[in-house]
Structure formats: structure tokens, C-alpha cells
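All values derive from a computational prediction rather than experimental measurement. Atoms within each ligand, like the ligands themselves, are counted from 1 in listed order.
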Amino acid sequence: MEKKEEPECSCAEVDDSSKDEFQELLRTLEQRVNWDGLPLVKYCGCWLLVMLFRPIIAAQNHFKAKDTDIILTTMPKSGTTWLKALTFSIANRNVFPIDQSPLLTSNPHMLVPFLELNIYKEQDNPDLETIPSPRIFSTHMHFKMLPDSIRETDCRIIYICRNPLDQLVSHIHFSSQNNFGKDADPVAIDEAFDMFCQGINSFGPFWDHVLGYWNAHLENPGKVLFLKYEDLKEDITSQVKKIAEFMGFPFSLEEEEQGMIDQISGLCSFESLSNLTVNKRGDINGILKNSSFFRKGQVGDWTNYLTPAMAERIKKLMDSKFEGSGLMFNT
Ligand code: A3P
């Protein structure tokens, strides 16, 4: 069958109620196997995991954002787990004292669900009205793919990204820890790297993902907060303050004096979360090991896996893709 021209992000017009129509659309789109063995489909210029295509369309068609919602957006392996723990703790600091935080007994992904991996994977049009405000959701969707209501309401978007070298290395480990693609031929790291540079990886191209949110942030900084993993590693206190202010829950002077920011940062730190029994042992839906979300939590671990020539290629790509945008990464 001839491949269709990609729709110009008319994604929300796809009818997810007819399984046949949906399968027909899927058949017309370009598909590849990701370097970790998981099937990908190219839609609106983005490479999506085939298993998440239908939930993404369902979310686009049915998700109704509220002004009070907080939407966390990320490429996989960019600090999603950390951001979920921090925003959950900031929003609920008057509900749960730190020593009774649900984070002590639940993985952050159980407390802040993904639209496409959880909510719309389980049901096409779930009732989310009863969730108390502020509702916090997360997604790996590109900015241009977000459900319209997220852009049209006053809900706030917090984006976190990470330098592409560490993001890729982290993803490779995550896939292997969870045994993705166990039936596929193993792919060497340089092949995975090459596909990444071509933009072929889950939720790639990396550049488009990051630039989409960067430009949205420049256009409306009150709507989109743009964070970098490396900045959180460097100075968590100022970043937690910034996140809380952006969320509309700034710390009072009294809270600051009582050390609330340090308590939240400490609870959500890699050392603290990765040592909890729940994160050492459990799993999510029997598929993803909780421990696989906590590996090293360092900046620059890519140097142990990628060559200087690979780093140079990424640097050149960043220079050309981000030229004139004002965006850059410290690797
Ligand atoms: P590494 O594989 O480099 O260690 P995500 O949460 O988006 O899936 O990203 C996972 C990456 O974030 C992993 O990186 C993981 O170790 C790191 N990470 C998870 N929790 C963290 C935390 N509380 N602080 C810092 N890094 C964290």
C-alpha cells in the first residue's frame, strides 16, 4: 500500500471510536522498529511507539484540561520520575507531612499518571472529573500533539529535558533492564546512536521535541516552564522554588525558614527514592521494574558508553538544529 503524506498535525481529527478505521490509518503510516525492538509509527512527524498510538489519539480526542491542571511533559529518560516526585510533593505538602508522604510507599509513576501510558491506555474516555485539583498528569507527547484543551486552557505545562547523550544512554539501559525487544535482534550501541541522530527513537526526533517546548516557553513563559535535568542537579533549591512558584504554590517565608524546600528536595533526591523498598523491588503493571527508573542519576555518564566522535556528531547536530533558537545543552 502506498504511504500517505503525513497529516499536518490534524491529529485530533482521527476517529478513535472505530477500530477498523484506526487500524487502516496505522497501516498507511510509515513504521520502523526502534533500536530496542519496539515498533514505531511516524505520525505528524513524530516517532511514536505503536502501542501508544491509539491511547495518544484517544487523549487528543477526549482529554479536557482544567485551568488548575499541571501537565508534566518530557522525552523519556529526561527526569520524568524526579519531576513527578517534586511536583507531587510541592502540591501536596499541606496534605501529607514529609514523613508520611505517599512517595515513601509508592513509585512516583503510580502517583502521577501518564495520559498515554496509563489513563488512555486503560480506557478510551475515562472520567477524570472526580480527581481533586490540582490534577497532575504527565505525557511524552510533542507540544504540537498535545490535546487542544491543554493549549487552550490556563493549565500549566512543566517540561524537563536532558542533554541528548545522557538521555540516549539512559534509554538504552532502561530498555535492556526491562527486557524490551527480547524477541528482536540485539542492536549495537552505534546503530542505536545512528538511529537517534536520524530522529528515529521513541518520541523522537529529540530536537523537534525539545524545540517544540522551548518555542512554546519563549512565546508564553507563564504557560510553559522549561527545565533542564542538569540545572536541577546543579542547584535543586532554586529549581524547586521556581517550580513551586510556577505551579502557583510558592513557599512562604515561614516554610522556607522551616526548611520545607530542603525536606522536599531531600525526599525526592535520587539517593532517597532509589533506596526505598518500593523502588527497589516493585514493578508497574508487571512490565516496568520500579528499579529501572533509578540507575545512576548522574550528568555525563555518556562518557562511559559513547565515543568522542559520537559526541562531536551530536554537538554538530545540536549546533545546526538549535541555531538561532537560543537553546543549548551542557553535556
Ligand atoms: P540514568 O539512567 O542516567 O541514571 P525518567 O524519569 O525520565 O525515566 O528518567 C530516568 C533517569 O532519571 C535515569 O537516569 C534515572 O536514574 C534518573 N533519575 C530518576 N530519579 C531521579 C532523581 N530523583 N534524581 C535524579 N535523577 C533521577
| query | Is the shortest distance from a Lys or Arg side-chain nitrogen in Glu24 or Arg27 to a carboxylate oxygen in the other one below 4.0 Å? | reply |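 Between Arg27 and Glu24 there is a salt bridge, with a charged N closer than 4.0 Å to a carboxylate O.
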
| field | Test: Asp319 and Lys316 ion pair at under 4.0 Å | value |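 Looking at Asp319 and Lys316, the cut-off is not met.
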
| field | Any residue meeting side chain to side chain contact (heavy atoms under 4.5 Å, CB included) with Phe96, in chain and number order, not counting sequence neighbours | value | Phe88, Asn92, Pro102

| said: Students should find this: residues with any non-hydrogen atom under 4.0 Å from ligand 1. What is the answer? | reply: Lys77, Ser78, Gly79, Thr80, Thr81, Trp82, Arg162, Ser170, Tyr229, Cys268, Ser269, Phe270, Phe293, Phe294, Arg295, Lys296, Gly297

| Where at least one partner belongs to residues 210-229, residue pairs that pass salt bridge (charged side-chain N to carboxylate O under 4.0 Å, His left out), sequence neighbours excluded |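 Residue pairs passing salt bridge (charged side-chain N to carboxylate O under 4.0 Å, His left out), neighbours aside: none found.
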
| Any side chain to side chain donor-acceptor pair (under 3.5 Å) pairs touching residues 127-138, not counting sequence neighbours? |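 Output for this query lists Thr68-Ser133, Asp69-Arg135, Lys84-Ser138.
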
| task | May I ask you to establish whether Arg162 and Phe329 are in a cation-pi arrangement, using a distance under 6.0 Å from NZ or CZ to the six-membered ring centre and at most 45° from the ring axis? | result |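 No, Arg162 and Phe329 do not form such a contact.
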
